[in-house]
Amino acid sequence: MDFFAMGNLLLGCAYVLQLAEGGPAWSLMSVVNHTFTLASPVAYWLGAMRFFGHSVPLWRPLLAVAVTYSAAQVLVQWSLGPVARYAMLSGMSALLFLVMVITVIYGVRTFAKDLYGEMLFFAALISGICVLNALKFMKLLDGGLDALQMDRNFQLVFYIYMSSLATVLPPSIVWLVLRRLTDDLRNLAARDPLTQLLNRRGLTEALQRYFNSRKAVPAHLLMVDIDHFKRINDTYGHPIGDAVLCHVAEVLRTTVRGGDLAGRFGGEEFVVICLDTDVLGVMHLAERLRAAIENQAIQVTGSDHPLHCTITVGVSRHFANAHVLEDAMREADAALYRGKAAGRNRIELAPS
């Protein structure tokens, strides 16, 4: 928000300076105006990078742009004249906004899929600025500084659009940030804080979304329990116990298929819901999970001997909607206890 606010402040100051200047001129005020105008999309760009998780500074890039562009203005003014200086501002602005539009469209397909509608909205706004600056660039090259007179139709359209943008853009940015914060809070509420797997609420909501889709088919539930977990806690301490839980969670994440759901309901019990497969596929997945846990060692701090643990897995019958999730869990839990009674480190299927 600080970065976006800085972009708004720079753009607002640029237009105040332009109004105070009264028209095209060669002065310190004009140089600062042009520098602020070009620095504002840079601040927006840096804010967008921070928004999507990249740790970037604010002042160093802005100061570098300000110094470089101020020097470029002096050089162009003295060598090519005032028309070239104003055309440079429009051309550089059009180029910056074009790159931003391309990045937004790329983001819709990759890193910002969860913000599809919002990103398209911003792409439309930025495209308008890009087109207007490109047209302004061409008009300056064709008609000189007369193209900047406020009684020209193009300038009227340009400033009406920019004034509307100044009204729409700040609340839109706040809306975008609040949307991301809301999604983050919803994600936190749906995940186990230790392992980052889905909790009961997250698993239920994901399962409801799946069964509400047209391609939904019956699913199977796997109840996974770490064998002798209390003994691990008593022997090695709770920090090692937490490390074992995180290790099992990571194995679940890397072993289950892309569309399956993995969660932790507390303690040493994990749940996997297998979607779009039959009993044979479920049993094959359960065996892969069991073998992966048994064969992968966990390094214990302060000990030369790695820790090995095993799991017992109970598998439910297939179920066809989220309302019978509790029934499937009871089936898998009963099968799990049968597996525990039979010696642990095994897979038990609920009877059909």
Side-chain angles (χ1 to χ4, degrees), residues 192-204 207 218-257 260-275 277-300 303 305-319 322 324-352:
D192 170 57
L194 177 64
T195 63
Q196 293 304 304
L197 294 178
L198 294 171
N199 57 23
R200 182 185 291 266
R201 172 181 175 175
L203 201 64
T204 302
L207 195 61
H220 292 78
L221 185 143
L222 278 63
M223 186 73 74
V224 180
D225 187 86
I226 302 174
D227 297 328
H228 302 298
F229 184 70
K230 184 177 184 303
R231 184 186 302 171
I232 294 173
N233 268 337
D234 293 342
T235 304
Y236 298 99
H238 288 282
I240 300 301
D242 289 346
V244 170
L245 292 173
C246 292
H247 169 74
V248 172
E250 185 60 28
V251 172
L252 291 183
R253 255 190 298 268
T254 56
T255 306
V256 300
R257 302 168 307 160
D260 294 339
L261 305 173
R264 178 189 175 218
F265 282 4
E268 66 272 24
E269 286 192 342
F270 296 84
V271 171
V272 176
I273 297 180
C274 300
L275 309 174
T277 188
D278 55 14
V279 174
L280 188 62
V282 171
M283 296 301 287
H284 179 66
L285 174 62
E287 174 56 28
R288 283 198 293 128
L289 286 173
R290 188 205 63 78
I293 296 295
E294 183 181 29
N295 295 328
Q296 293 185 25
I298 305 168
Q299 295 299 324
V300 178
S303 174
H305 303 288
L307 173 65
H308 287 268
C309 66
T310 60
I311 59 171
T312 301
V313 183
V315 182
S316 76
R317 296 177 295 171
H318 67 268
F319 59 102
V324 295
L325 176 62
E326 294 295 329
D327 295 334
M329 289 180 60
R330 280 192 291 269
E331 285 183 1
D333 199 46
L336 172 68
Y337 276 96
R338 286 196 299 273
K340 293 278 190 183
R344 294 183 170 85
N345 192 22
R346 58 187 290 122
I347 302 161
E348 193 74 30
L349 177 64
S352 59

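Basis for what follows: all heavy atoms, side chains included, without hydrogens, waters or symmetry-related copies.
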*Starting from the C-alpha separation in whole Å, work towards a yes-or-no answer on side-chain contact (heavy atoms from CB on, under 4.5 Å) for Asp227 and Lys340.*
CA-CA 8 Å; Asp227 297 328; Lys340 293 278 190 183; 2.9 Å; yes
_Chi angles and distances behind the side-chain contact (heavy atoms from CB on, under 4.5 Å) call for Asp260, Thr277_ = CA-CA 10 Å; Asp260 294 339; Thr277 188; 5.9 Å; no
*When you look at Val272 and Thr255, which way does the side-chain contact (heavy atoms from CB on, under 4.5 Å) test go after all the steps?*
CA-CA 11 Å; Val272 176; Thr255 306; over 6 Å; no
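Two residues are said to be in side-chain contact when any heavy atoms from C-beta on lie closer than 4.5 Å; Leu252 and Arg264 fail this criterion. Met329 is listed as a side-chain neighbour of Leu325, based on a closest heavy-atom distance under 4.5 Å. In this structure the side chain of Leu245 reaches within 4.5 angstrom of the side chain of Phe270, judged on heavy atoms. When side chains are defined from C-beta on, Pro218 does not count as touching Arg317, because their heavy atoms never get closer than 4.5 Å. Looking at heavy atoms from C-beta onward, His284 lies in side-chain contact with Arg288 at the 4.5 angstrom threshold. With contacts defined as side-chain heavy-atom distances shorter than 4.5 Å, the pair Phe319/Leu207 qualifies.
Looking only at distances, no side-chain donor or acceptor of Ser316 sits under 3.5 Å from a matching main-chain atom of Glu331. The backbone N or O of Ile226 sits nowhere less than 3.5 Å from a side-chain atom of Glu268 that would complete a donor-acceptor pair. Here the side chain of Asn295 pairs a donor or acceptor atom with the backbone of Ala291 at under 3.5 angstrom. Side-chain atoms of Thr312 come within 3.5 Å of backbone atoms of Asn345 as a donor-acceptor pair (strictly under, hydrogens ignored). In this structure a side-chain-to-backbone donor-acceptor pair under 3.5 Å is missing from Asp192 to Leu198. Looking at Arg200, its side chain never comes within 3.5 Å of a backbone N or O of Gly263 through a donor-acceptor pair.
Considering CG of Asp333 and CZ of Arg338, their distance stands at 10.5 Å, rounded to 0.5 Å. Taken to the nearest 0.5 Å, the CG atom of Leu222 stands 12.0 Å off from the CG atom of Leu261. From Gln196, atom CD reaches atom CZ of Arg253 across 7.5 Å, with rounding to the nearest 0.5 Å. One finds the CG atom of Leu285 at 11.5 Å from the CG atom of Leu280 (value rounded to the nearest 0.5 Å). Between atom CZ of residue Arg344 and atom CG of residue Asp225 there is a gap of 8.0 Å, rounded to the nearest 0.5 Å. Taking CE of Met223 as the start and CG of Leu336 as the end, the distance is 7.0 Å to the nearest 0.5 Å.
Put simply, the residue from Ile293, Val224, Val256 that forms a side chain to side chain contact (heavy atoms under 4.5 Å, CB included) with Val251 is Ile293.
For Glu348, there are no side chain to side chain donor-acceptor pair (under 3.5 Å) partners at least two apart in sequence or on another chain. Listed by chain and number, the residues in a side chain to side chain donor-acceptor pair (under 3.5 Å) with Arg330 are Asp327 (sequence neighbours excluded).
Nearest heavy-atom pair across Gly339 and Arg346 is O-CD, 3.2 Å.
Applying the 6.0 Å contact sphere to CZ of Arg231 captures no more than 12 heavy atoms from other residues, nucleotides or ligands.
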